[in-house]
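Values reported hereafter were calculated over all heavy atoms of this structure, with side chains retained and with hydrogens, waters and symmetry mates removed. Computed from a predicted structure; not experimentally measured. Letters go in sequence order (proteins before strands), and every chain restarts at 1.
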Amino acid sequence: MPELPEVETVRAGLEGLLKDAVIVRVEPHRSGLRRPFGDLSALSGPVRAVRRRAKYLLIDAAKATLLSHLGMTGSWRIGDAPRAHDHLTLHLADGRRAVFNDPRRFGLAALLDAAGHHPVLAGLGPEPLDPAWDGAALRVALRGRKAAIKAMIMDQRIVVGVGNIYAQEALFRSSIRPQRPAGRLDLAACHRLVAAIKTVLNEAISVGGSTISDFVHAGGGTGLFQHRFQVYDRGGQPCVICGAALRRTAIAGRTTCWCPRCQR
DNA sequence: AGTCGCCCCTGGCCGC
DNA sequence: TGCGGCCAGGGGCGAC
Ligand SMILES: [Zn+2]
């Protein structure tokens, strides 16, 4: 579910709900997800901010920072009744509860270390919406790479935040065939692709991301960008530009749709 | 080193 | 209706 626009939407919602609230108790409902939670008790204290890095949320409390990844099905909500797959509850001084729920348990929750680091953050590539990330930077990162360009822009060491939806949408908008060997994109193509990635991510953020089946904002709302998909999950349907039937294949194990006429 | 396949896990949907 | 197979927004790991 959550790529950069969805995580950014959750970040903004959570910050509005949690900023200046005081965490009085952290209650795990299991020992961990794909990794152990570890000792989360140092999170108790006032929430200063909620940040995002790549697809990770960082909840800054006074003495510690909680790192949270939504995996495919994770969500945060201000808790009402308990639900199946609730894994972590932050009890607040005002009586509210912030609850992390994740049916597939591909997510992550852990504290940053004293230096503000965590192994999963090491080695992450540039933020796609950073003005310093441009076509020239992408071209350097792709030099000599023979893997498909779509796999490369989904590789979080090349650029962060782009997943299976926005990779397909950005490649369509920049007229690049997803399976093209990444190292063979010229500078003009890299510029077009970077511009398309920035545009599609910003558009998606502006409408609260995409809701496929279960993605919800921290406040319970849904995204709207799914109504603007031009290729994602549209295999066999007509291209919105030329009318050709969109193709569907797998690239690096992930379903990919593209237009055989518009994308080269 | 780079690339690929598999695996983690639950649930929804489709065809029989 | 029930059940098996397939698929899903991510990412880490081992094997070539
Ligand atoms: Zn087309």
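- One hydrophobic cluster, built from ILVMFWY side chains closer than 4.5 Å, holds both L129(A) and L171(A).
- Taking side-chain N and O atoms only, T73(A) has no distance below 4.0 Å to OP1 or OP2 of dA8(C).
- With respect to the salt-bridge test (charged N to carboxylate O, under 4.0 angstrom), the residues E127(A) and R53(A) qualify.
- Contacts of A252(A) with the nucleic acid, taken as non-hydrogen atoms under 4.0 Å apart, are absent.
- Distances shorter than 4.0 Å separate some side-chain N or O of H85(A) from OP1 or OP2 on dG11(B).
- Rounded to an integer number of Å, the gap from M72(A) CE to dC7(B) P is 16 Å.
- In this structure, Y166(A) has its ring center under 6.0 Å from that of F225(A).
- Under a cut-off of 6.0 angstrom, the local environment of CZ in R30(A) is crowded, with over 12 non-hydrogen atoms contributed by other residues, nucleotides or ligands.
- Across all strands shown, nothing is found opposite dC9(B) as a Watson-Crick or G-U wobble partner with both distances under 3.5 Å.
- For R254(A) and dG9(C), the shortest distance from a side-chain N or O to OP1 or OP2 is below 4.0 Å.
- In the set dC7(C), dG10(C), dT3(B), dC7(C) carries the atom at the smallest distance from any side-chain atom of R248(A).
- Comparing atom distances between the E3(A) side chain and each of dT3(B), dT10(B), dG10(C) picks out dG10(C) as nearest.
- Counting to the nearest Å, the P atom of dG11(B) and the CG atom of N101(A) are 10 Å from each other.
- Atoms CE (M154(A)) and P (dG11(C)) sit 8 Å apart, rounded to a whole Å.
- Phosphate proximity of dG11(C) to K55(A): present, with a side-chain N or O under 4.0 Å from OP1 or OP2.
- Rounded to whole Å, the P atom of dC6(C) lies 13 Å from the corresponding atom of dC6(B).
- For Y166(A) and dG9(C), the shortest distance from a side-chain N or O to OP1 or OP2 is not below 4.0 Å.
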Can you give me the N/O atom pairs linking the protein to nucleotides 12-15 of chain C at distances under 3.5 Å, or say none if there are none?
residue, atom, partner, partner atom, Å
dG12(C), O4', R34(A), NH2, 3.2

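- Note: CG (L57(A)) to P (dG10(C)) measures 15 Å, nearest angstrom.
- For the P atoms, the distance linking dG11(C) with dA1(B) amounts to 23 Å, nearest Å.
- Regarding N164(A), its CG atom lies at a distance of 9 Å from the C1' atom of dA8(C), rounded to whole Å.
- The aromatic ring of F106(A) is not stacked on the base of dG11(C), since the criterion of ring centres less than 5.5 Å apart with planes inclined by under 30° is not met.
- When heavy atoms are screened at a 4.0 angstrom cut-off, R145(A) is found touching the sugar-phosphate backbone but no base atom.
- Across all strands shown, G163(A) has heavy atoms under 4.0 Å from sugar-phosphate atoms exclusively, and none from any base.
- Rounded to a whole Å, the CG atom of D102(A) is 13 Å from the C1' atom of dG11(C).
- Evaluation of atom-type donor-acceptor distances gives a pair under 3.5 Å for the side chain of R104(A) against the base of dC9(B).
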